[in-house]
Amino acid sequence: MSSAPTRPAAPPGAAARDATARHRTRISGLAEVRRAVAALALFLLALPPYLLDAPAWTWAPPFALAYAAGGWEPGRSGLRALRDRTLDVDLLMVLAALGAAAIGQVLDGALLIVIFAASGALEAVATARTADSVRGLLDLAPATATRLTGDGAEETVPTGRLRVGDIVLVRPGERVGADGRVLDGASEVDQATITGEPLPVGKRAGDEVFAGTLNGTGALRVRVERDPSDTVIARIVAMVAEASGTKAPTQLFIEKVERRYSVGMVAATLALFAVPLALGDDLRSTLLRAMTFMIVASPCAVVLATMPPLLSAIANAGRHGVLVKSAVVMERLGRIDAVALDKTGTLTEGAPKVTDVRPLPGSGLTERELLRLAAAAEHPSEHPLARAVVEAARDRGLRVPAADGFGSVPGVGVRATVEGRAVAVGAPAGDPAAGPVVAELEERGRTAVVVEVDGVPAGVLGVADRLRADAAATVAALAALTATAPVLVTGDNPRAAARLAALVGVTDVRAGLLPGDKVAAVRELEAAGRRVLVVGDGVNDAPALAAAHTGVAMGRAGSDLALETADAVVVRDELAAVPAVVALSRRARRLVVQNLVIAGAFITGLVVWDLTGTLPLPLGVAGHEGSTVLVGLNGLRLLTEGAWRRAAATPRAAVTRTAVPPS
């Protein structure tokens with residue numbers, strides 16, 4: 001096995017940021033930017049001779065070309081929309097510029113075109129940056145992988161051609177080419193880009209690995225378990241891209257109002273031109289005022305107020321392992337005011353762990369010897385409890401010997417010969433020697449497993465589903481955000497549910513629930529006027545996820561049905577990401593309100609100025625387009641790394657200053 005020098009672990013997210021930088025769109029490659037630069041260059045070429053009163057042939061052609069460069073594409077797009085009986089504000093801007101030129105205001109019209117083109121270029125750059133942050137994740141997965149053939153030969157193939165069941169070799173320092181499970185080998189894998197863990201994680205036979213994660217100093221043979229199109233990285237890219245194509249209710253409402261507003265604005269513009277003209281005003285000043293009104297009253301900034309904050313929040317959440325499936329969901333997340341949490345796989349890790357190793361008096365075994373024998377007997381088994389016993393032995397550095405004569409009886413346990421001794425591991429059978437220890441462990445919420453050696457009970461193992469390290473903090477954060485303590489809805493028995501609820505600070509416990517009962521619990525909360533967020537992971541959670549105002553699934557252990565049903569998926573399985581994405585949604589909604597206020601203030605101020613005074617056309621253009629750019633950039637603030645950090649810190653800060661009443 002070859003080796004490579006050990007490198008310090010990069011901070012979580014560093015690889016994703018590097019990938020984004022490598023995948024960044026070249027600004028010069030954007031058509032909107034090229035048109036804006038051409039319009040500006042031609043405008044600057046025509047400006048000196050125009051101001052110096054040079055002959056028209058020296059400045060008219062560059063001005064005409066500036067009009068064409070900046071206005072041709074928006075004008076054509078507006079005409080296509082007009083054919084579909086939709087009034088596009090882009091077309092109104094181009095018509096206003098042409099109208100200014102028609103009455104001799106060539107400079108003002110050209111300035112309008114240049115500023116309008118520059119505004120479009122800035123919007124295109126901002127949109128490209130949003131897309132780059134998502135597409136950059138694709139660079140985390142390697143383009144090729146080393147596939148092992150049936151005869152042991154190696155072949156280099158594109159990762160897109162890998163299929164479930166293929167065996168791939170991952171050498172030291174290489175990135176894993178597919179989601180799969182280690183067959184043999186041992187190494188440390190840096191999977192911060194997927195799970196957020198700051199340190200490399202040890203991997204050996206049976207452990208899961210993810211495409212795009214970085215292998216350390218050992219070589220691994222990995223069996224592919226997911227199609228390349230279904231890897232964690234691919235799902236992040238696909239789902240965020242799909243979400244970016246949706247529109248939130250606020251945006252749909254604004255667009256509906258915009259269509260009527262635009263028609264009314266055109267009617268007002270015509271009235272503002274026709275009425276003063278009929279009363280004797282001169283053509284030039286009347287037309288100029290009407291065109292200025294049409295420009296400053298256009299709802300460009302209002303239309304742009306909603307989607308940039310929501311799409312930026314979606315992209316940022318996607319970079320941090322939370323797949324929000326639509327802009328509708330991102331907007332709804334911020335409105336939740338009650339939370340229902342599943343237990344197993346949500347508040348707990350969803351995988352059993354050995355918590356107690358109790359040799360019986362007279363067995364002559366130490367804890368390490370008891371666990372070693374049990375792990376050897378359980379090693380061939382695929383039962384979750386067996387895997388927990390084997391993992392516990394490995395975690396303690398024990399050498400697990402080979403077992404002979406393995407046999408398994410469902411519901412009873414396993415038997416095998418280990419180092420010449422008959423070892424049986426299974427459910428308690430009422431043996432009086434083990435009875436007191438079994439009763440004690442079960443009273444503490446453990447699953448008791450009895451180990452017999454040569455037909456005599458030798459010890460008892462306690463197995464439990466461990467509480468997530470961030471469970472209590474997450475419950476407190478969600479309670480602070482909603483001002484109501486979360487509800488625990490679980491199919492587990494009431495005693496185990498109550499014990500876990502006490503550990504995490506939940507007071508409303510609803511245990512022993514079937515899937516339909518969970519739905520009834522959600523509907524009961526919603527009947528009380530609550531907007532309920534359900535967080536779960538299993539098939540039995542899917543109906544409740546579908547019935548809730550918003551459903552979030554834990555991605556790593558989540559069932560396919562739960563992942564499909566949920567509105568958002570926590571891919572990295574970090575429970576703390578749930579309050580963080582809720583806080584991010586609320587920040588996005590606040591930015592939407594800010595944008596609407598900014599847009600409304602600019603439109604109102606400029607319209608009043610134009611109607612009651614004399615608003616110069618260049619100043620009106622600058623105010624209108626400036627407000628549009630300002631609103632767009634304000635929404636894109638949520639793309640930054642700092643925006644996620646502040647969202648993650650918001651619930652923690654709320655916990656320290658909010659007294660949460662019991663639900």
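Hydrogens, waters and symmetry mates play no part in the numbers below; they use all other heavy atoms, side chains included.
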>> Is the shortest side-chain heavy-atom distance between W609 and V296 below 4.5 Å?
In response: no
>> Applying side chain to side chain contact (heavy atoms under 4.5 Å, CB included) to V570 and M554, what does each step give before you reach the verdict?
In response: CA-CA 5 Å; V570 183; M554 304 302 293; 4.3 Å; yes
> Is any side-chain heavy atom of K325 less than 4.5 Å from a side-chain heavy atom of V569?
Replying inline: yes
> Is the closest side-chain heavy-atom distance between R531 and R332 below 4.5 Å?
Replying inline: no
> Is L333 close to L533 at the side-chain level, that is, under 4.5 Å between some pair of heavy atoms?
Replying inline: yes
>> Do V581 and V552 make a side-chain contact, defined as non-hydrogen atoms from C-beta onward lying under 4.5 Å apart?
In response: no
> What are the two closest non-hydrogen atoms of P486 and L478, and how far apart are they?
Replying inline: CG-CB, 4.1 Å
> After noting the C-alpha distance and the side-chain angles of E32 and E73, does the key distance pass the side chain to side chain contact (heavy atoms under 4.5 Å, CB included) rule?
Replying inline: CA-CA 9 Å; E32 294 87 348; E73 188 58 37; over 6 Å; no
>> Less than 4.5 Å apart, side chain to side chain, heavy atoms only: is that true for T482 and I336?
In response: yes
> Do the rings of F63 and F43 sit parallel, tilted or perpendicular, given the 30° and 60° boundaries?
Replying inline: tilted
> Can you name the nearest heavy-atom pair linking L615 to G620, along with the distance?
Replying inline: CD2-CA, 4.0 Å
> Between R289 (side chain) and G613 (backbone), is there a donor-acceptor pair under 3.5 Å?
Replying inline: yes
> Stepwise, does the side chain to side chain contact (heavy atoms under 4.5 Å, CB included) test hold for D610 with L606?
Replying inline: CA-CA 6 Å; D610 184 56; L606 293 172; over 6 Å; no
>> How close do T58 and P49 get, counting heavy atoms only, and between which atoms?
In response: OG1-CB, 3.5 Å
>> Which heavy atom of G160 sits nearest to which heavy atom of P228, and what is that distance?
In response: O-CG, 3.9 Å
>> If we ignore hydrogens and angles and just use 3.5 Å, is the side chain of R587 paired with the main-chain N or O of W644 as donor and acceptor?
In response: no
> How many angstroms lie between atom OG1 of T474 and atom CG of L575, to the nearest 0.5 angstrom?
Replying inline: 4.0 Å
> So, E526 and R523, do they make that salt bridge, N to O below 4.0 Å?
Replying inline: no
> Could you give the distance from CG (N634) to OG (S627), rounded to the nearest 0.5 Å?
Replying inline: 12.0 Å
> OH/Y67 to CG/L42 distance, rounded to the nearest 0.5 angstrom?
Replying inline: 12.5 Å
>> Looking at every non-hydrogen atom in both residues, tell me the closest pair between G70 and I113 and how far apart they are.
In response: CA-CG2, 3.7 Å
> Does T286 reach the main-chain N or O of F273 with its side chain, forming a donor-acceptor pair under 3.5 Å?
Replying inline: no
> Are any side-chain N or O atoms of N316 and backbone N or O atoms of T640, one a donor and one an acceptor, separated by less than 3.5 Å?
Replying inline: yes
>> Return the CG to CZ distance between L270 and F293, rounded to the nearest 0.5 Å.
In response: 10.5 Å
> Atom CG in D567, atom CG in L545: separation rounded to 0.5 Å?
Replying inline: 8.0 Å
> How many angstroms lie between atom CZ of R76 and atom CZ of R80, to the nearest 0.5 angstrom?
Replying inline: 5.5 Å
> Closest approach of A547 and V519, non-hydrogen atoms and distance?
Replying inline: CB-CG1, 4.0 Å
>> Please evaluate residues T550 and V582 with respect to the criterion side chain to side chain contact (heavy atoms under 4.5 Å, CB included), reporting the C-alpha separation (whole Å), side-chain torsions for both, the decisive distance (0.1 Å), and the verdict.
In response: CA-CA 11 Å; T550 311; V582 171; over 6 Å; no
> Under 4.5 Å between any side-chain heavy atoms of H320 and E641, yes or no?
Replying inline: yes
> Is there a donor-acceptor pair closer than 3.5 Å between any side-chain N or O of S312 and the backbone N or O of L639?
Replying inline: no
> Between the side chain of R586 and the main-chain N/O of G334, is any donor-acceptor distance below 3.5 Å?
Replying inline: yes
